[in-house]
Amino acid sequence: MNSFLTRAALASTAAAALLAGCAAPGSGSGASGAAARDPLLDAPYHSETTCTTERPVTVLSRVKETPFACADLGVSATLDELRDAGWRVVSLDIGGDVESEKHVGFPVTVMIRKLF
């Protein structure tokens with residue numbers, strides 16, 4: 001009988017510890033605060049902004065891997081990250097050529113719209 005009570009006490013202590021860990025402040029999907037906010041996801045639907053490549057796109061880099069700086073949103077993201085956050089490219093502008101590290105590059109500017 002004594003071992004039964006010991007096992008019951010250990011099980012209830014483990015369950016209480018587990019529940020206390022799950023209810024820790026700031027954990028889970030209900031967390032709020034600056035760290036949980038993402039301007040790409042939180043932007044209102046149908047909003048538009050303009051983003052420009054942080055460095056010229058050259059033959060040594062791919063547009064897909066080049067980060068775009070979106071000053072209105074205060075973020076820097078690749079086209080894939082923008083797409084995954086619900087943004088779509090409305091227009092794309094390739095600027096004049098610029099020589100960078102003995103390679104010709106082009107600044108790229110995109111206008112994007114939040115669809116979902």
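Because the structure is predicted, anything quoted here is derived from the model rather than measured.
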Are side-chain heavy atoms of [X] and [Y] found at a separation under 4.5 Å?
{"X": "F106", "Y": "T53", "answer": "no"}
{"X": "K114", "Y": "H46", "answer": "no"}
{"X": "L73", "Y": "W87", "answer": "yes"}

From [atom1] ([X]) to [atom2] ([Y]), nearest 0.5 Å:
{"X": "L79", "Y": "R62", "atom1": "CG", "atom2": "CZ", "answer": "11.5 Å"}
{"X": "C70", "Y": "I112", "atom1": "SG", "atom2": "CD1", "answer": "4.5 Å"}
{"X": "K64", "Y": "D80", "atom1": "NZ", "atom2": "CG", "answer": "4.5 Å"}

Least distance between heavy atoms, [X] atom then [Y] atom:
{"X": "R113", "Y": "V90", "result": "CB-CG2, 3.7 Å"}
{"X": "V98", "Y": "P107", "result": "CG2-CD, 4.2 Å"}
{"X": "G105", "Y": "T58", "result": "CA-CG2, 3.6 Å"}
{"X": "S76", "Y": "E81", "result": "O-OE1, 4.4 Å"}

If Ile, Leu, Val, Met, Phe, Trp and Tyr residues are connected whenever their side-chain heavy atoms lie under 4.5 Å apart, and connections chain through other members, are [X] and [Y] in the same group?
{"X": "L92", "Y": "V63", "answer": "yes"}
{"X": "V57", "Y": "V104", "answer": "yes"}
{"X": "V89", "Y": "L40", "answer": "yes"}

- Task: Output yes when a side-chain donor or acceptor of R88 lies under 3.5 Å from a complementary backbone atom of R83, and no otherwise.
- Result: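 Yes; at least one donor-acceptor contact below 3.5 Å.
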
- Heavy-atom neighbours of Y45 OH exceed 12 at 6.0 Å: no

- Query: Counting heavy atoms not belonging to I94, are there more than 12 under 6.0 Å from its CD1?
  - Reply: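 Open: at most 12 neighbouring heavy atoms sit under 6.0 Å from CD1 of I94.
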
